[in-house]
Asks: 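Have a look at the structure that comes next, please.
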Amino acid sequence: MLDNIFNTLDTLEDALAGLSRESEPDAKGAFGSTGKIDMKYNPLELEPSWQKRWEKAGVFKAVEDPSREKYYLLEMFPYPSGKIHIGHVRNYTIGDVVARYKKMCGKNVLHPMGWDAFGMPAENAAIENNTHPAKWTYENIENMKAQLKRMGFSYDWDRELATCDPDYYRWEQLVFLEMYEKGLAYRKKTHVNWCEKCQTVLANEQVEDGCCWRHPEQEVAIKEMNSWFLKITDYAEDMLEYCEKLPGWPDRVLSMQKNWIGKSHGAAIRFPMVGPEEAIEVFTTRQDTLYGATFMCLAPEHPMVQEIIKGSSQEKEVLDFVARTLKMDTFMRTADFTAKEGVFTGRYCLNPMTREEIPIFVANFVLFDYGTGAIMAVPTHDQRDFEFARKYDLKLQVVIKPEDAELIEEDMTEAYVDQGILVNSGPFNGQRNLEALDSIADYLEEQGIGHKTVNYRIRDWGISRQRYWGAPIPMIHCDACGIVPVEKEDLPVVLPLALDMRPNGGSPLPFDPSFTETTCPKCGSKARRETDTMDTFVESSWYFDRYACPDYQDGPLDATRVDYWLPVDQYIGGIEHAILHLLYSRFYTRVLKDLGHIGIKEPFTNLLTQGMVCKATQACSQHGYLFPKEVENDRCTRCGAEVINGNIVKMSKSKKNVVDPQELIDRYGADTVRMFCLFASPPDKDLEWSEQGVEGSHRFLQRIWRLVTDNLEDLKTVKGFDEKTELQEPLKSVHRKTHETIKKVTDDIENRFHFNTAISAVMELVNETNQFLNTGEQRDAAAWAVVRRAVETTIILLSPVVPHITDHLWQLMGHEGFLLNAPWPDYQEEALVTETKLIILQVNGKVRSRIEVAASSSDQEIEAAALADEKVQRHIKGKSVKRVIVVQQKLVNVVV
RNA sequence: GCGAGAGUGGCGGAACUGGUAGACGCGCUGGAUUUAGGAUCCAGUGGGGUAACCUGUAGGGGUUCGAGUCCCCUCUCUCGCACCA
């Protein structure tokens, strides 16, 4: 099939060569309609043919070469869901333009692609369609790979990897064992989110509005169970610090990461128990209010709760409350509309400063995950504590007063949270509360009651998933020896493929004796394999390293190659992955460095987060959201009701406001789709899909196609332009525009990724060239040489954006080879020089006139010309000129 | 509530360090070509006014010879985090 197209094209070119001989010069010379070839722009034939040629020539292959400067460009790899969607198209188009541009600039470019191939959808699809996750996944990969190739992306497919391949995850298992040895991976019993339908633990981010993200009707339960964790908290401080050392990252991503890490300075303070137990430790950032702490609250999960109520008369009441609270999901429990509730434990502890006995409560709003899971409550200066105190009639004690007023506890209607002066605070009375933070912390330390500390919001990364389609955690449970790591030489622990999926959605792994039954590496007795698999974010935390050496068999990473390519110079992906994946990758890179696998800490030097692709929704009162196909003339095709046009929101299957990239490719070709994705808006902003916009992009491609084919003979036969030629207007202007465009496009791509303005600039050049050809008088060889240079520049500058049509036109014009191997053009300063300059004339800051002056004019001459201008004269008549501002070569402002 | 970003024609968006606001594209209007439609080409297109000119970048104030751009306040929208002690 492709071969046929190939042959067709070759024949076409022969035909063209023949035609050129038939053309006859008309009276005006070589211009006019001669050489006009009836040849249509047919992207559907032309594009696959060029894709095949690129592949055959291996133009996208990246080879390590220490003598050349490398450039590693990476787009976030996709989950192989079956088909590419428009978000992929946009993401990968942006990346492809940069990759092609950098290659043309002479960089040794690495531009790989692969598959984030483990994950739940494969298991669900397998159950639904009675197939196997592996089969489903690999079929999807084949489909999507074909689609990506059809888009013409410049990937080095020799480096392709799929994370579900044992050759990939075996190294992840090895790194896990190394982390385990260093204490960076551990197992603990803890409270987790559990979805009954998925039969697995969910990460916090997979819980939406208290329900499972995949089962919006299924409330997430809190379950206490054993899970594996990676010690990301060990690196929290370093990752936070390096947020300041990533100038190539968008501020908003960095601020999200800082937010997520959530460092806060404060103090850990011990409140001694009244009774046999030792003390309860709290974390606070407000040790300045310590004298006002009149009660204590524990999180329901706090282990001391069980301890201190044992045998007391409150026991049942407290246990009921704890059980009731823990049954609520975290979202409901922590929602701001959920009332603050608690129960008295019947026990007291001492405020370490006032030595007063204060009651201990269990409260629903105290988070076990944050700080120590216990808080000192200061109702006078914390709104939550205030509400709680009022509800349970607890003591209030003011310890900060505003500078010019008194606070009376009984009269307070809300907590006083502003700054002020300390009162009722022993030796600290009279100090400003913020200044007392340090002195109180020091005092605590001296007295052995507490110490300064920092607390992080970030928790260790729970990576256990009770799922089948993931990388097995390489551990063994032995009754005698406990948890024993798999021997490194026994890796990989391969995921068994021959088993039946369970209809309830649970993992089949625990029920497969061929997998679970093993022997303990330590004592040799019967033992059981760990059946949890790893969170798929683990795979995506190092795939970019493995691209450097996907075939390496002696370890996770080949140091020589990884050192050459890493770090990623430019990473591009959706903002929706901004926190977790990027945070995990930064953590994992640090781990790999500490384990000696890699030399860098930060994996991504520059990050571009592209905006979402959006489109208006359409709905019908009867049938809900409608696909574009289900709408005709603003009416629902099923019931004829008028459609309701909704907001412009992110494209999603559930809202049915989607366009299928494949349909667009089949209709317009890949180049048009690529061009529209770039032209419609800058990459970091959201893109609003517009069918008319796509048509516009297609029209532009047809316009350059005609510009070349309509004038092919003249363009082809004219001699190359000698840059030293002295040109007259209007030729000079076309030539100047050519160089201005090179400058503008280079700047837009290199420094700003503003492809939309780069394309605009080329459009301007095409417009000017067309205008010259349509209206220009001069039609000799000199003119054609200038036009040829303009047209060739157009083609080269557009080649990263629309690589197929440009390679084709390049060849039609008689060039050999691919534009990807052509050098990116330089502009010449001399070509930008103009003889005259346009000067804007203002009077009192308002534009009144504009004049042309010789470029060589001095400021004095320009000022004189401005004052002599008729319109300026009219506006300053009868007034005295107070001041004249002359902005070099640009503007004159006359102040009267 | 906290943090970040944004607000410019009928629409998507330009205007990089303060210096012609609206590049480029879409749409629309008129004209040419065409049997017609499409495609293509030419002209026009922020609002008001015959014109000179006036007015205009969410609203208000300020700095400046000059503000879409800088500063302060207000409003609206989007995103992230959120009972974080």
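Proteins get letters first, then strands, A, B, ... in listed order; numbering begins at 1 in each. This is a predicted model, so every value here is computed, not measured.
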Asks: Rounding to the closest angstrom, what is the interatomic distance between B:A58 and B:G10 at atom P?
Replies: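 Approximately 13 Å lies between the P atom of B:A58 and that of B:G10.
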Asks: Can you list, pair by pair, the side-chain donor-acceptor contacts under 3.5 Å of residues 280-291 of chain A, counting residues two or more places apart and other chains?
Replies:
| residue | atom | partner | partner atom | Å |
| --- | --- | --- | --- | --- |
| A:E281 | OE2 | A:R270 | NH1 | 3.4 |
| A:T284 | OG1 | A:R286 | N | 2.8 |
| A:R286 | NE | A:D288 | OD1 | 3.0 |
| A:R286 | NE | A:D288 | OD2 | 3.4 |
| A:R286 | NH2 | A:D288 | OD2 | 3.2 |
| A:Q287 | NE2 | A:L437 | O | 3.2 |
| A:D288 | OD2 | A:N433 | ND2 | 3.1 |
| A:T289 | OG1 | A:R286 | O | 2.8 |

Asks: Hey, is the side chain of A:K685 poking within less than 4.0 Å of OP1 or OP2 on B:G5, counting only N and O atoms?
Replies: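 Result: no.
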Asks: Report yes or no: is there a donor-acceptor pair, N or O only, under 3.5 Å between the side chain of A:N259 and the base of B:C81?
Replies: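 Answer is no: no donor-acceptor pair is held.
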Asks: A:K882 near the nucleic acid: base, sugar-phosphate alone, or nothing, with a heavy-atom cut-off under 4.0 Å?
Replies: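 The residue A:K882 makes no contact with any strand.
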Asks: Give a yes/no on whether any side-chain N or O of A:R850 is located under 4.0 angstrom from OP1 or OP2 of B:U20.
Replies: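 For B:U20, OP1/OP2 do not have a side-chain N/O of A:R850 under 4.0 Å.
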Asks: Is a salt bridge present between A:K452 and A:D438, judged by a nitrogen-to-oxygen distance below 4.0 Å?
Replies: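 Answer for the salt bridge query: yes.
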Asks: Which residue, A:G696 or A:L687, contacts RNA chain B at a nucleotide closer to its 5' end, judged by nearest heavy atom?
Replies: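 Its nearest nucleotide being more 5', the pick is A:L687.
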Asks: Of the candidate nucleotides B:C24, B:C79, B:A43, which contains the atom at the shortest distance from the side chain of A:R252?
Replies: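 Given the options B:C24, B:C79, B:A43, the side chain of A:R252 is closest to B:C79.
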Asks: Is there any salt bridge (charged side-chain N to carboxylate O under 4.0 Å, His left out) pair reaching into residues 885-896 of chain A, and which pairs are they, with sequence neighbours excluded?
Replies: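 Every candidate salt bridge (charged side-chain N to carboxylate O under 4.0 Å, His left out) pair involving residues 885-896 of chain A fails, so no pair, neighbours aside, qualifies.
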Asks: Which part of the nucleic acid does A:L838 contact within heavy-atom distance under 4.0 Å: base, sugar-phosphate only, or nothing?
Replies: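 It contacts base atoms.
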Asks: How far does the P atom of B:U40 sit from the matching atom of B:G25, given to the nearest Å?
Replies: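 It comes out at 13 Å once rounded to the nearest Å.
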Asks: How close or far is atom C1' of B:A39 from atom CG of A:D710, stated in whole angstroms?
Replies: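 One finds 13 Å between C1' of B:A39 and CG of A:D710, rounded.
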Asks: For A:W705 and B:U40, what is the distance between atoms CH2 and P respectively, to the nearest whole Å?
Replies: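 Rounding to the nearest Å, CH2 of A:W705 and P of B:U40 are 16 Å apart.
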Asks: Listed in order of residue number, which residues of residues 377-390 of chain A have a non-hydrogen atom at under 4.0 Å from RNA chain B?
Replies: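 Result for residues 377-390 of chain A: A:R384, sorted by number.
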Asks: Between A:R706 and A:S255, which residue's closest nucleotide on RNA chain B lies nearer the 5′ terminus?
Replies: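 First, find each residue's nearest nucleotide; the 5'-ward one identifies A:S255.
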Asks: Taking B:A14 as the reference, what is the distance to B:G80 when you measure between their P atoms (whole Å, please)?
Replies: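 Pairwise P distance, B:G80 against B:A14, rounds to 23 Å.
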Asks: Using the side chain to side chain contact (heavy atoms under 4.5 Å, CB included) rule, take A:Y41 and A:T709 through it: C-alpha gap first, then chi angles, then the decisive distance, then the call.
Replies: CA-CA 9 Å; A:Y41 170 45; A:T709 53; over 6 Å; no
Asks: Hey, does A:V887 reach any base, or is it just sugar-phosphate, or nothing, if we go heavy atoms under 4.0 Å?
Replies: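 Answer is base: heavy atoms of A:V887 come under 4.0 Å of a base.
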Asks: Quick one: does A:Q873's side chain have a donor or acceptor within less than 3.5 Å of a partner on A:L867's backbone?
Replies: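 Between the backbone of A:L867 and the side chain of A:Q873 there is a qualifying donor-acceptor contact (under 3.5 Å).
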Asks: State, to 0.1 Å, how close A:D385 and A:F295 come at their nearest heavy-atom pair, and which atoms those are.
Replies: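 Shortest heavy-atom contact: O-CZ, 3.8 Å.
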Asks: With C1' as the reference atom in both, quote the distance from B:U35 to B:A15 in angstrom, rounded to an integer.
Replies: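 Each nucleotide's C1' atom is 47 Å from the other's.
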Asks: Quick one: is A:R699 getting a side-chain N or O under 4.0 Å of the B:C41 phosphate, OP1 or OP2?
Replies: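 No, because none of the side-chain N or O atoms of A:R699 sits under 4.0 Å from OP1 or OP2 of B:C41.
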Asks: Name the closest nucleotide to the A:L891 side chain, picking from B:G19, B:C81, B:G27.
Replies: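 Of the options given, the side chain of A:L891 lies nearest B:G19.
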Asks: Between atom CD in A:E414 and atom P in B:C83, what is the gap in whole Å?
Replies: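 That distance rounds to 20 Å.
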Asks: Please confirm whether A:F365 and A:F388 have ring centers closer than 6.0 angstrom.
Replies: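 Yes, the ring of A:F365 comes within the 6.0 Å limit of the ring of A:F388, centre to centre.
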Asks: Just how far, in rounded Å, is C1' of B:G3 from CG of A:L254?
Replies: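 From A:L254 CG to B:G3 C1': 13 Å.
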Asks: Spell out yes or no: do the side chain of A:Q692 and the base of B:G12 have one donor N/O and one acceptor N/O closer than 3.5 Å?
Replies: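 Under the 3.5 Å cut-off, the side chain and the base do not form any donor-acceptor pair.
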Asks: Mind checking A:N767 for me? I need base, sugar-phosphate or nothing, with any heavy atom below 4.0 Å counting as a touch.
Replies: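 A:N767: backbone/sugar contact only, no base atoms under 4.0 Å.
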Asks: Would you classify A:N756 as touching base, sugar-phosphate or nothing, given that sugar-phosphate means primed atoms plus P, OP1 and OP2, and contacts are heavy atoms under 4.0 Å?
Replies: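 Sugar-phosphate contact only - A:N756 comes under 4.0 Å of backbone atoms but never of a base.
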Asks: Distance check needed: B:G13 C1' versus A:E764 CD, whole Å only.
Replies: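 After rounding, the gap between these two atoms is 14 Å.
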Asks: Taking only the side-chain heavy atoms of A:P682 (C-beta and beyond), determine which of B:A14, B:C41, B:C16 contains the nearest atom.
Replies: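 Closest nucleotide among those given: B:A14.
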Asks: Stepwise, does the side chain to side chain contact (heavy atoms under 4.5 Å, CB included) test hold for A:F755 with A:V801?
Replies: CA-CA 9 Å; A:F755 310 109; A:V801 175; 5.6 Å; no
Asks: Could you tell me how far B:C65 sits from B:G49 if I compare only their P atoms? Round to whole Å.
Replies: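 About 36 Å, rounded to a whole number of Å.
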Asks: What's the closest nucleotide to the A:R883 side chain, out of B:A15, B:C54, B:C65?
Replies: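 Nearest nucleotide to the side chain: B:C65.
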Asks: A:E691 CD to B:C26 C1': how many Å, rounded?
Replies: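 Spelled out: CD on A:E691 to C1' on B:C26 is 13 Å.
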Asks: If pairs are Watson-Crick or G-U with both distances under 3.5 Å, what is the dot-bracket string of RNA chain B, marking crossing pairs with [ ] and pairs to another strand with |?
Replies: (((((((..(((......[....)))((((((.......))))))(((....)))..(((((..]....))))))))))))....
Asks: Using a 4.0 Å cut-off on heavy atoms, which residues in residues 280-289 of chain A reach RNA chain B? List them by number, or say none.
Replies: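 Per residue number, the list reads A:F283, A:T284, A:T285, A:R286.
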Asks: Return yes if some donor-acceptor pair links the side-chain N/O of A:N893 with the main-chain N/O of A:I885 below 3.5 Å, else return no.
Replies: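 Side chain of A:N893 to backbone of A:I885, a donor-acceptor pair under 3.5 Å: no, none is there.
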Asks: Is A:E695 touching bases, backbone alone, or none of the nucleic acid, heavy atoms closer than 4.0 Å?
Replies: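 A:E695: no heavy atom of the nucleic acid under 4.0 Å.
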Asks: Considering only NZ, NE, NH1 and NH2 on the basic side and carboxylate oxygens on the acidic side, decide whether A:E244 and A:K258 come within less than 4.0 Å.
Replies: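 Salt bridge between A:E244 and A:K258, a charged N being under 4.0 Å from a carboxylate O: yes.
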Asks: In whole angstrom, give me the gap between the P atoms of B:G68 and B:G19.
Replies: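 One P to the other, the span is 10 Å.
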Asks: Can you check the distance between B:A21 and B:U55, where both ends of the measurement are the P atom (answer in whole Å)?
Replies: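 To the nearest whole Å, 13 Å.
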Asks: Round to the nearest Å and state the distance from A:W689 atom CH2 to B:G25 atom C1'.
Replies: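 Result: 15 Å.
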Asks: So, is B:G9 syn or anti if syn means the angle is within 90° of 0?
Replies: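 For B:G9, whose glycosidic angle is within 90° of 0, the conformation is syn.
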Asks: Starting at atom CD of A:Q610, determine the distance to atom P of B:C79, rounded to an integer number of angstrom.
Replies: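 To the nearest whole Å, that distance equals 17 Å.
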Asks: Consider the side chain of A:W260, meaning its heavy atoms from C-beta on, and name the nucleotide among B:C65, B:C81, B:U20 that approaches it most closely.
Replies: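 Given the options B:C65, B:C81, B:U20, the side chain of A:W260 is closest to B:C81.
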Asks: Give the nucleotide from the list B:C54, B:C84, B:A52 with an atom nearest to the side chain of A:R848.
Replies: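 Of B:C54, B:C84, B:A52, B:C54 is nearest to the side chain of A:R848.
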Asks: Does any N or O in the side chain of A:D460 come within less than 3.5 Å of the main-chain N or O of A:I232, such that one atom is a donor and the other an acceptor?
Replies: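 Yes; at least one donor-acceptor contact below 3.5 Å.
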Asks: What closest approach, in Å, do A:F321 and A:G342 show between heavy atoms, and which atom pair accounts for it?
Replies: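 Heavy atoms only, the tightest pair is CZ-CA, 3.7 Å.
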Asks: Quick one: does NZ or CZ of A:R586 land under 6.0 Å from the six-membered ring centre of A:W249, within 45 degrees of the ring axis?
Replies: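 Judged by the rule, A:R586 and A:W249 form a cation-pi pair.
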Asks: In whole angstrom, give me the gap between the C1' atoms of B:A4 and B:C16.
Replies: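 That atom pair is separated by 23 Å.
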Asks: Please collect all salt bridge (charged side-chain N to carboxylate O under 4.0 Å, His left out) contacts where either partner lies in residues 748-770 of chain A, sequence neighbours excluded, each pair once.
Replies: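 Pairs touching residues 748-770 of chain A that pass the test: A:K102-A:E750, A:K737-A:E764, A:K744-A:D748, A:D748-A:R752.
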Asks: More than 12 foreign heavy atoms under 6.0 Å from CZ of A:R736: is that the case here?
Replies: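 Yes, CZ of A:R736 has more than 12 neighbouring heavy atoms, counting only those of other groups under 6.0 Å.
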